[in-house]
**Student:** 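The structure is given below, and queries will be raised subsequently.
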Amino acid sequence: MATLEERVAYLEGKVEEFVGLRETIAQFEQRVDHRFEAIDRRFEAIDRRFEAIDRRFEAVDRRLDVLDDKLSRHFQWLLGLEITTLVAVIGALLAKG
């Protein structure tokens, strides 16, 4: 049977193993935290890029809306001129006949 000193020494060895393991886990946690911080910074950079792209699309949408309004006005003028011309041609044919 082991003496009291041997048992205490054995337990002290086990405690030192746990302390070493605890330090290793703490170091691992720091490394993981560092990685997550790096990932967060990367996602923030990606978010900024998407925000810039969204602003560009909004600018393109505004330009397309202006162009759509312009084309609508031109179409209305063109249609008005064609109807006026058709009425004038029909009037001329009726007046002649």
**Student:** Could you work out, with side chain to side chain contact (heavy atoms under 4.5 Å, CB included) as the rule, every residue matching L81, not counting sequence neighbours?
**Tutor:**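 By the side chain to side chain contact (heavy atoms under 4.5 Å, CB included) rule, L81 matches no residue at all.
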**Student:** Could you state the interatomic distance from CG (L71) to CD (Q76), rounded to the nearest 0.5 Å?
**Tutor:**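 It is 11.5 Å, given to the nearest 0.5 Å.
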**Student:** Between CG of L86 and CD1 of I90, what distance do you get to the nearest 0.5 Å?
**Tutor:**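 These two atoms lie 4.0 Å from each other.
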**Student:** Please set out all donor-acceptor pairs under 3.5 angstrom arising from side-chain atoms of residues 24-31, sequence neighbours excluded.
**Tutor:**
from, atom 1, to, atom 2, distance (Å)
T24, OG1, G20, O, 2.9

**Student:** Nearest 0.5 Å, what's the CZ-CG distance between R73 and D68?
**Tutor:**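 Here the rounded value is 10.0 Å.
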**Student:** May I ask you to list the residues sharing a hydrophobic cluster with F75, side-chain cutoff 4.5 Å, ordered by chain and number?
**Tutor:**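 Via sub-4.5 Å side-chain contacts, F75 links to L79, I83, V87.
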**Student:** Output all residues satisfying side chain to side chain contact (heavy atoms under 4.5 Å, CB included) with R22, sequence neighbours left out; order by chain, then residue number.
**Tutor:**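 R22 satisfies side chain to side chain contact (heavy atoms under 4.5 Å, CB included) with no other residue.
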**Student:** Return the CZ to CG distance between R35 and D33, rounded to the nearest 0.5 Å.
**Tutor:**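 Spacing of CZ (R35) from CG (D33) equals 12.5 Å.
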**Student:** Report the residues that fulfil side chain to side chain contact (heavy atoms under 4.5 Å, CB included) with I46, sequence neighbours left out, ordered by chain and then residue number.
**Tutor:**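 Counting only residues at least two positions away or on another chain, I46 forms a side chain to side chain contact (heavy atoms under 4.5 Å, CB included) with R42, F50.
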**Student:** With sequence neighbours excluded, what pairs up with V66 under the side chain to side chain contact (heavy atoms under 4.5 Å, CB included) test?
**Tutor:**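 Here no residue qualifies.
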